[in-house]
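Quick caveat: nothing in here was measured; it's all calculated off a predicted structure. Numbers here simply count residues along the sequence, with the first being 1. Read the numbers this way: they start at 1 and go in the same order the structure lists the ligands and their atoms.
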Amino acid sequence: MRIVQLFIEYASHTLDRPFSYLYKGNKNLGQGFRVLVNFNHRQLVGYVLSVKESNASAEQLEEETGYHLDYLVDVIDDAPLLNEDLISLAKRVSEYYLAPFISVLQSMLPPSLSPRKSSLRAPKIAYDQYLSINHYSEESLTDKQTEILRLIKKERKILKREVGSPSVVEKLLSRGLIKIVKKEKRRLAIPNYEYQKPPLLTADQQKVIDEFNNSSDPVFLLQGVTGSGKTEVYLTLCDEELKKGHSVLFLVPEISLTPMMMEYFIRRFEHQVAILHSELTPAEKYDEYRKIARGEARVVIGARSAIFAPLANIGLIILDEEHVESYKQDSIPFYHAREVAIMRGEMHHSKVLLGSATPSLESRARGKNGVYHLLRLDKRINEQKLPATKIINLADYHNIDRDSYIFSIPLREKLSAVLKARQQAILLINRRGFSTSVSCRNCGYVFRCPTCGIALTFHKSDNMLKCHHCDYVQVMPDTCPKCGSKYLMKTGFGTERIQDEVHRLFPEAKTLRLDSDSAKVRNKIPSIIESFRKKEADILIGTQMIAKGHDFPDVTLVGIVLADIGLSMPSFRSSERVFQLITQAVGRSGRSDKVGQAIIQTYNPMHYAITYGARQDYEGFFNKEMGMRKLQNYPPYYFLTSLTVSGKKEETVISHTYSVVDYLNEHLGDKAIILGPTTPYIARDHLQFLRTVLIKYRDYLAIQNTLKELIEIYAKKSSIDISINIDPYNF
Ligand code: ADP
Ligand code: ZN
Ligand code: ZN
């Protein structure tokens, strides 16, 4: 008899402990295996933590433990899923983020291997079938059979489906002359890029690399202006690690947005590269994951969850565009890939390199006080100038005329000059859809999402109203549901509207649009980017997606149609986000030999996020924003944690939130500042009411135990749910 300790698949705080089961089968079983168990009358997947042999009978064991012990239904895997290193990492992540252990495992593993029921239906290994000789003899074969047999002999190993003549193949198989050899197939199709020799490094790049190599610091921040050649620094460092026999983990915010990056890596490191990102199918992810686990890939490129890739012997972990918020998972366990990278680096003694043109304030502050080793690339390659940038005040009537209230006169003039010169332009509006809200002119009714309560966006291409927070959609009605009036008013504008406006003003211009609507179709994003690079369009219109990392040599104009959008968001990060967006977007202009320019349209021409962004003055912005953060006790001066209480009854939620605040005040005293209860920006979620408490503190270790105790107390209450987000981005 074996006694098995396991976690079940439900990621809740109350169930975040091992459960005991019995196993009397004879399958291989140990830590890291998935098993099938009955739990509360349901069949669930469990993740085994330990297995103990026992000579006692089930009755004796039940007597000993005082529990009723159930038998496992079955063992799912024939080998453990995670090695010791990854299990220790999972424990550390779950400790730091105060997240159920199983939730970390579920984030770590690809869908086919995840400890959850749905993984049982997920794709398994696919094989290619090859034919080879088993026993060679041409005796009493037909001519056709002899021909095929000779072919197989000549090729030694040949794909079964390439041989044709299936009936002949079956005959040869049944006579034992040939045999089938199965080989695991890699389902991800990777283009066959040719090897590319590296360019000669510039003196600045070499200096950064030497400084990196000569230091024994664990974490580096490479701050390099847009177009300064950071990618080449990554590639060189990666190459050096491989030569030392180490492997490299390279993270990007989202690969589909930067297909070029993948191409660079494949051209340099060829078959050694494996890829893990959100656009892969579960089958492709499964294959890549196994390729890495088998030790066949030595460079892994991937998005957030690739930080958990089962790579051995890691010498270097790189996070490109470290400031991008998609590195933070916005659901349990709410981990940030940067923090996990640093944990993993520490465990493996591998260096961590963070790179960005606009580092997050937290990272840059750590770079300033030496927690991270700051490296800099302050000039563009070949000393190209940063684009000349102009701020256009939309409130000034000199800039706007009747021809368009969206595009100012200067922006229209520049656009038309770019089109005439057969160069390209990028127009950025950080909002998708056609118009941002629809209301009734007669009674003032505003169309809102029934789930989250925020205003719905009108999408013209499919005539739908969509919620940009959840997945809610409805067909755009002809009349007001409240008063029946047919005068519905659409206000505000997004990418679709901008595209319409360009077509109206410049009917000859060819446009492409890139936003998360286009991302709904698989592989659409890379194809749009590729098409624009090939100059199949003159103007690319999009959301922040177009601001990221792309290298379009013929873009000489970037227009930010309305820079203010992010500023009105209720977040202490709103200025930082707007500054980053402007700097990154402007950085897309004039990256090759042509001089670039940028136009920023705004109603807040004096706002520091906009003025520093226009000047590409990171230091200026950093100093100003640090002052603001200090005044308000925000990161990087203080750390933050948000606690969200949710429940079906608003009153219950409010009263429990007050008691959470009391509890925290009582137990944390002057170790933290407690704010709340506040109503979050999105105040409802799937018909649950939400209230938030914000905790500001300087020393996480000083408050961690109180948070743990609080979770334990409140996890037991059935009328509410409590969720905790360490270092939150949205609250
Ligand atoms: P960043 O990531 O810092 O914005 P990139 O890495 O995209 O900048 O580099 C900008 C451009 O400079 C790219 O087209 C790249 O191919 C080119 N480049 C980078 N390093 C070199 C080098 N050492 N010699 C020549 N061209 C380079
Ligand atoms: Zn109405
Ligand atoms: Zn919604």
Side-chain angles (χ1 to χ4, degrees), residues 196-209 222-237 250 252-253 258-261 263-265 267-268 318 320-322 353 355-359 375-384 386-387 438-457 465-474 477-489 533 547-555 583-594 596 616 681-688 690:
Q196 200 168 40
K197 258 180 53 189
L200 221 53
L201 294 177
T202 63
D204 286 347
Q205 286 170 327
Q206 191 60 55
K207 211 176 121 231
V208 160
I209 287 166
L222 172 59
Q223 182 180 351
V225 296
T226 52
S228 59
K230 293 185 289 295
T231 309
E232 199 48 52
V233 171
Y234 303 147
L235 289 164
T236 306
L237 290 174
F250 182 78
V252 288
T258 44
M260 283 299 291
M261 195 56 104
E263 187 179 327
Y264 283 132
F265 272 77
R267 282 189 192 283
R268 191 73 57 88
I318 302 174
D320 188 27
E321 312 279 3
E322 70 86 35
L353 174 62
S356 176
T358 52
L375 303 165
R376 306 190 53 142
L377 284 172
D378 290 328
K379 289 196 295 265
R380 285 185 149 186
I381 290 280
N382 304 330
E383 320 249 327
Q384 300 127 330
L386 286 166
V438 181
S439 55
C440 172
R441 263 184 216 280
N442 184 43
C443 74
Y445 175 85
V446 180
F447 286 84
R448 289 183 184 281
C449 173
T451 314
C452 342
I454 62 172
L456 294 170
T457 302
L465 289 170
K466 301 186 185 181
C467 172
H468 282 187
H469 179 69
C470 70
D471 279 339
Y472 178 81
V473 290
Q474 72 173 73
D478 297 324
T479 54
C480 170
K482 200 171 150 207
C483 74
S485 155
K486 56 183 196 301
Y487 297 103
L488 298 179
M489 179 168 62
R533 275 182 70 83
K548 285 183 191 148
H550 310 296
D551 201 12
F552 300 117
D554 279 309
V555 169
T583 312
Q584 296 279 351
V586 169
R588 296 312 114 208
S589 183
R591 286 168 67 91
S592 62
D593 48 349
K594 301 175 197 77
Q616 305 266 294
Y681 176 58
I682 310 254
R684 269 184 296 157
D685 187 24
H686 294 96
L687 304 176
Q688 300 258 331
L690 308 178

Atoms of ligand 1, numbered as shown, that sit under 4.0 Å from any heavy atom of Leu200: 22 (C), 23 (N), 24 (N)
Atoms of the protein (N/O/S only) found under 2.8 Å from the Zn ion (ligand 2): Cys440 SG, Cys443 SG, Cys480 SG, Cys483 SG
With Thr236 via side-chain contact (heavy atoms from CB on, under 4.5 Å) - residues at least two apart: Leu201, Ile209, Glu232, Glu240
Close N or O approach (Thr226, ligand 1; < 3.5 Å): no
pair Pro481-Tyr445: side-chain heavy atoms closer than 4.5 Å: yes
Minimal non-hydrogen separation, Tyr234 against Gly355, with atom names: OH-CA, 3.4 Å
Ligand 1 atoms in contact with Thr202 (distance to a heavy atom under 4.0 Å): 23 (N)
Point-to-point distance, once rounded to the nearest 0.5 Å, from OG1 of Thr457 to NE2 of His468: 3.5 Å
Identity of the nearest option to atom 9 (O) of ligand 1, non-hydrogen atoms only, from Gly355, Ala203, Gly229, Ser228: Gly229
Greater than 12 external heavy atoms within 6.0 Å of Asp478's CG: no
SG on Cys440 to CZ on Phe447, rounded to 0.5 Å: 8.0 Å
Donor-acceptor contact present, side-chain Lys230 to main-chain Gly224, <3.5 Å: yes
From CA spacing to verdict: side chain to side chain contact (heavy atoms under 4.5 Å, CB included), Gln474, Tyr472: CA-CA 7 Å; Gln474 72 173 73; Tyr472 178 81; 2.8 Å; yes
Ile381 N/O under 3.5 Å from ligand 1 N/O: no
Approximate separation, where rounding is to 0.5 Å, of Ser228 OG and Gln205 CD: 8.0 Å
Atom pair OG1/CD of Thr226 and Gln616 - distance to nearest 0.5 Å: 5.0 Å
Atoms of ligand 1 close to Val225 [distance to a heavy atom under 4.0 angstrom, numbered from 1]: 3 (O)
Structural part of Gln205 in contact with ligand 1, heavy atom criterion under 4.0 angstrom: side chain
Option set Gly587, Gly227, Pro553, criterion heavy-atom distance to atom 10 (C) of ligand 1, minimum: Gly227
Non-hydrogen atoms of Pro359 and Glu322 that approach each other most closely: CA-OE2, 3.3 Å
Non-hydrogen atom of Gly224 closer than 4.0 Å to ligand 1: no
Heavy-atom side-chain contact between Tyr264 and Asp551 under 4.5 Å: yes
Under 2.8 Å from the Zn ion (ligand 3), the protein N, O or S atoms, given as residue and atom: Cys449 SG, Cys452 SG, Cys467 SG, Cys470 SG
Ligand 1 to Asp551 polar contact by distance, N or O atoms, under 3.5 Å: yes
Non-neighbouring partners of Asp204 that pass side-chain contact (heavy atoms from CB on, under 4.5 Å), sequence neighbours left out: Thr202, Leu377, Lys379
Atom pair CZ (Arg376) and CG (Leu222), whose distance is rounded to the nearest 0.5 Å: 10.0 Å
Atom pair CZ (Arg268) and OG1 (Thr231), whose distance is rounded to the nearest 0.5 Å: 10.0 Å
Option whose closest heavy atom lies nearest to atom 6 (O) of ligand 1, chosen from Thr231, Thr236, Leu235: Thr231
